[in-house]
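Side chains included, hydrogens not; waters and symmetry mates left out as well; all remaining heavy atoms used. By convention in this document, chain letters (A, B, ...) are assigned in the order of the sequence lines, proteins followed by strands, and residues within each chain are numbered from 1.
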Amino acid sequence: DVKVTQSSRYLVKRTGEKVFLECVQDMDHENMFWYRQDPGLGLRLIYFSYDVKMKEKGDIPEGYSVSREKKERFSLILESASTNQTSMYLCASSAPTGYEETQYFGPGTRLLVL
Amino acid sequence: KNEVEQSPQNLTAQEGEFITINCSYSVGISALHWLQQHPGGGIVSLFMLSSGKKKHGRLIATINIQEKHSSLHITASHPRDSAVYICAVRGYLGSGSRLTFGEGTQLTVNP
């Protein structure tokens with residue numbers, strides 16, 4: 001079974017702090033994704049990566065950066081956390097298999113920024 | 001207007017009822033996914049469709065490519081089916097691995 005793990009289930013940070021969210025997958029997937037999920041808005045793509053050291057902006061990249069130094073690990077960084085970044089953050093991974101491609105999701109991290 | 005719209009947003013049913021959740025999309029797609037999210041956050045993939053119909057246990061998913069519409073049906077619903085159901089679409093091959101998501105339908109099945 002594919003396993004995608006995220007470093008924390010719940011996180012409380014203060015405004016202005018630098019926040020690191022880690023995601024690790026164990027299936028050698030090339031693709032990794034970071035989403036945030038907010039009530040009434042659904043899942044929105046922040047950043048994604050097709051390969052090590054490669055990153056692409058998603059729909060809402062402002063205020064975030066990412067790092068992919070190893071194939072299995074994709075980190076989301078909030079450079080200076082703000083209250084409007086309070087949200088559920090979900091990581092996913094997939095293998096690029098054409099139209100059959102399925103994304104596998106981690107359990108999510110609920111981030112509260114005070 | 002969102003590219004992917006689901007209806008209803010919220011649905012409450014009694015155990016045993018037949019449930020239908022709808023998804024309409026406005027772009028050309030190569031595949032449509034139905035996902036399930038239980039309380040606590042984890043998301044699992046239920047179906048991937050590019051045409052026709054798929055069935056898994058009590059769940060049935062259909063897609064009409066011409067009408068840009070898909071439905072997820074649950075027969076003999078059970079309280080453990082209570083979850084958020086999310087529709088997501090993938091563009092044509094060559095548009096990458098990105099998915100566009102609907103807002104989700106919150107289903108509550110009462111005993």
Side-chain angles (χ1 to χ4, degrees), chain A residues 1-6 8-11 21 23 27 29-51 54-61 74 87-111, chain B residues 1-10 21 23-25 27-52 54 56 61 63 65 70 83-106:
Chain A
D1 275 354
V2 177
K3 192 164 184 182
V4 180
T5 57
Q6 294 183 227
S8 305
R9 293 300 303 273
Y10 301 93
L11 210 50
L21 302 182
C23 175
M27 281 301 291
H29 283 169
E30 286 83 354
N31 301 333
M32 296 189 76
F33 307 82
W34 273 108
Y35 299 95
R36 64 177 284 177
Q37 185 180 31
D38 301 288
L41 295 175
L43 280 94
R44 293 180 292 167
L45 182 64
I46 304 171
Y47 268 97
F48 59 104
S49 170
Y50 288 144
D51 202 351
M54 178 274 176
K55 59 186 179 186
E56 292 278 347
K57 292 181 179 179
D59 299 319
I60 50 165
F74 192 35
S87 186
M88 168 73 112
Y89 290 88
L90 288 147
C91 173
S93 73
S94 69
T97 54
Y99 83 94
E100 292 277 350
E101 182 176 337
T102 297
Q103 291 187 18
Y104 296 87
F105 286 83
T109 296
R110 286 196 183 276
L111 173 66
Chain B
K1 189 178 192 300
N2 292 336
E3 290 184 349
V4 182
E5 294 205 338
Q6 290 184 233
S7 62
Q9 285 188 307
N10 293 282
I21 299 170
C23 176
S24 296
Y25 52 91
V27 296
I29 68 167
S30 61
L32 181 144
H33 295 256
W34 280 103
L35 310 167
Q36 181 191 56
Q37 184 176 29
H38 276 288
I43 295 175
V44 296
S45 180
L46 298 174
F47 294 104
M48 192 283 299
L49 292 162
S50 56
S51 64
K54 285 189 176 178
H56 181 70
I63 189 168
I65 297 294
S70 176
V84 176
Y85 292 85
I86 301 169
C87 172
V89 301
R90 181 186 314 286
Y92 289 118
L93 292 177
S95 66
S97 297
R98 294 179 59 161
L99 294 174
T100 302
F101 297 84
E103 292 178 18
T105 295
Q106 173 70 62

- [ ] Given ring-ring contact (aromatic ring centres under 6.0 Å, His included), test B/Phe101 with A/Tyr35 step by step and report yes or no.
- [x] CA-CA 11 Å; B/Phe101 297 84; A/Tyr35 299 95; 5.1 Å; yes

* Would you mind checking if A/Arg36 and A/Asp59 are paired as a salt bridge, meaning a charged N to carboxylate O distance below 4.0 Å? => no

Would you find more than 12 non-hydrogen atoms of other residues, nucleotides or ligands less than 6.0 Å from A/Arg44 atom CZ?
yes

Quick check: are there more than 12 heavy atoms from other residues, nucleotides or ligands sitting under 6.0 Å from CD of B/Gln9? no

Okay, A/Asp38 and chain B: the region with an atom under 4.5 Å from a heavy atom over there is neither

Under 4.5 Å to a heavy atom of chain B? For A/Gln6 that would be neither

So, the part of A/Leu41 with a heavy atom under 4.5 Å from chain B: the answer is backbone

